[in-house]
Amino acid sequence: MGKLLILGTVAFDAIETPFGKTDKILGGAATFIGLAASQFKVESAIVSIVGDDFPQTYLELLEKRGVDISGIEVVENGKTFFWSGKYDNDLNSRDTLVTELNVLADFKPVIPAHFRDADVLMLGNLHPSVQLSAIEQMQAEPKLIVLDTMNFWMNNTLPELIEVIKKTDVITINDEEARQLANEYSLVKAAQKIHEMGPKYVVIKKGENGALLFHNGEVFFAPALPLEEVFDPTGAGDTFAGGFVGYLTESENVSFNNLRNAVIHGANLASFCVEKFGTERMQNLSKDEVDRRLNQFKQLTQFDIELK
């Protein structure tokens, strides 16, 4: 099996949407990525940090899904990263109510020796210096380095972020972040500028409007599946990334045509994530459910047309 290394947060979230609210529940970018990637036949590991307030049952959940947790540091007498947010009625915008970095403030990642030869390195949304440290610890150059980042790092650590971007093969960001990073309103022009920074592939996520994949002047669009209910969008972007890298790690094919398939697999898994709070829907998701919805995606995007 291919090996996937995931760097990111394992955390507590507290979420409020128009449909309800939660107390502290399992969250974090690496958690969503790992659960999504567990749908594929890959060896995966998470590198992160938590406090000793983090329940053992959550770690066991990840292990049960086949995720190696030897790279998750547990800090004695430490408190786990905590985020709380409230979504507006349309679920397209949210307000952050609380951000407590806690042990994440001093996080220095240590890549387990048996994953320093990973085929795919997924850099979840963290400080660029932490992401760079993970890249530098790899013994062999991964077949693919995938980067997720956000506007906070663009605003506050742009020089360090640019250094990480230079070393990555794929960057996944949303449309607002792409426009900011490239200083271009047109997403086509923005993708071209981001290509020039280093990445071979640019994935621009558009939430309920799908995702775009750019490579050397070629563009692929994957729609988001129309759903009867969207309950909580937290983690949907990370779940997309987990499906994307999980598929690529299993298939061991990093061609543009295969990345198109990976975008569809990512969008497919993200459509499950939004159906319940946090990671709840992803924790017990079955392969049969995934395959059935993948067939819906196929029907949604496939058509015959007669050209005259």
Side-chain angles (χ1 to χ4, degrees), residues 4 6 8-9 13 15 17 19 25-40 42 44 65 67 85 87 90-94 120 122 124-125 146-150 170-178 201-213 220-250 259-301:
L4 168 64
I6 302 159
T9 53
D13 289 344
I15 304 159
T17 77
F19 311 109
I25 58 173
L26 176 62
T31 307
F32 284 102
I33 294 167
L35 289 173
S38 73
Q39 291 293 327
F40 303 90
V42 299
S44 64
R65 299 297 300 192
V67 180
Y87 287 88
D90 64 0
L91 296 178
N92 287 322
S93 56
R94 71 186 184 192
V120 177
M122 176 70 222
N125 178 25
V146 183
L147 168 69
D148 187 28
T149 190
M150 66 182 297
V170 185
I171 184 170
T172 70
I173 49 179
N174 68 31
D175 45 2
E176 176 191 348
E177 293 158 352
Y201 303 98
V202 177
V203 178
I204 298 179
K205 299 172 289 186
K206 294 171 60 64
E208 64 181 3
N209 296 313
L212 291 157
L213 169 67
F220 175 71
F221 172 70
L225 190 70
L227 299 170
E228 290 184 14
E229 286 188 316
V230 176
F231 199 77
D232 171 24
T234 307
D238 295 314
T239 301
F240 170 90
F244 180 81
V245 295
Y247 175 80
L248 290 173
T249 306
E250 179 184 83
L259 262 76
R260 290 163 44 140
N261 294 332
V263 168
I264 294 291
H265 280 274
N268 186 43
L269 287 171
S271 74
F272 289 102
C273 177
V274 301
E275 292 181 336
K276 291 188 177 181
F277 273 124
T279 62
E280 184 180 354
R281 185 69 174 94
M282 303 303 297
Q283 290 178 22
N284 298 299
L285 185 61
S286 72
K287 188 176 187 306
D288 284 346
E289 289 177 299
V290 173
D291 288 347
R292 280 198 299 271
R293 188 162 292 180
L294 202 56
N295 193 52
Q296 288 180 261
F297 262 97
K298 184 177 179 181
Q299 293 172 350
L300 179 69
T301 57

Nearest heavy-atom approach of Ala36 to Gly243 is CB-N, 3.7 Å
Listed by chain and number, what are the side chain to side chain contact (heavy atoms under 4.5 Å, CB included) partners of Thr9, not counting sequence neighbours? Ala29, Phe81, Leu104, Leu126
Going from CD1 on Ile6 to CG on Leu35, what distance comes out if it is rounded to the nearest 0.5 angstrom? 9.0 Å
Rounded to the nearest 0.5 Å, what separation is found between the CD atom of Glu280 and the CD1 atom of Ile25? 8.0 Å
Can you confirm whether Val120 sits close enough to Phe244 that some side-chain heavy atom of one is under 4.5 Å from a side-chain heavy atom of the other? no
Using modelled atom types and a 3.5 Å cut-off, is there a donor and acceptor pairing between side-chain atoms of Asp238 and backbone atoms of Thr31? no
Arg260: what forms a side chain to side chain contact (heavy atoms under 4.5 Å, CB included) with it, not counting sequence neighbours? Leu213, Phe220, Phe256, Asn257
Rounded to the nearest 0.5 Å, what separates atom CG in Leu300 from atom CG in Asn295? 11.5 Å
4.5 Å side-chain heavy-atom contact, Thr17 and Phe277: yes
Got a second to check how far Asp291's CG is from Gln296's CD, nearest 0.5 Å? 12.0 Å
May I ask you to test the Val263-Phe240 pair for a side-chain heavy-atom distance under 4.5 Å? yes
Hey, does Thr239 have a side-chain heavy atom less than 4.5 Å from the side chain of Met282? yes
What heavy-atom pair brings Val274 and Ala236 nearest, and what distance separates the two atoms? CG1-CB, 3.8 Å
Closest non-hydrogen contact found for Ala267 with Pro223 is CB-O, 4.1 Å
Describe, in one word, how the ring planes of Tyr247 and His265 are oriented to each other, choosing from parallel (under 30°), tilted (30 to 60°) and perpendicular (over 60°). parallel
The criterion is salt bridge (charged side-chain N to carboxylate O under 4.0 Å, His left out); which residues satisfy it with Asp148, sequence neighbours excluded? Lys205
For Asp175, all residues meeting side chain to side chain contact (heavy atoms under 4.5 Å, CB included), sequence neighbours excluded: Arg179, Leu187, Ile204, Lys206
Quick one: do Gln39 and Leu269 satisfy side-chain contact (heavy atoms from CB on, under 4.5 Å)? Show the steps, please. CA-CA 9 Å; Gln39 291 293 327; Leu269 287 171; 3.9 Å; yes
Say whether, by atom type as modelled, one donor and one acceptor occur between the side chain of Arg293 and the main chain of Ser271 under 3.5 angstrom. yes
Return yes if a side-chain donor-acceptor contact under 3.5 Å exists between Ser286 and Asp288, otherwise no. no
Heavy-atom pair of closest approach, residues Ile33 and Ala241: CG1-CB, 4.5 Å
Is there a side-chain contact (heavy atoms from CB on, under 4.5 Å) between Asp232 and Tyr87? Walk through the geometry before answering. CA-CA 8 Å; Asp232 171 24; Tyr87 287 88; 3.7 Å; yes
Is any side-chain heavy atom of Met122 closer than 4.5 Å to one of Thr249? no
To the nearest 0.5 angstrom, please state how far the CD1 atom of Ile173 sits from the CG atom of Leu147. 8.5 Å
Residues which pass side chain to side chain contact (heavy atoms under 4.5 Å, CB included) with Asn284, listed by chain and number, not counting sequence neighbours: none
Drop me the distance from Thr172's OG1 to Asn125's CG, to the nearest 0.5 angstrom. 9.0 Å
Quick one: closest heavy-atom pair of Gly207 and Ala224, and the distance? O-CB, 3.9 Å
For Arg281, salt bridge (charged side-chain N to carboxylate O under 4.0 Å, His left out) partners two or more places apart: Glu275, Glu289
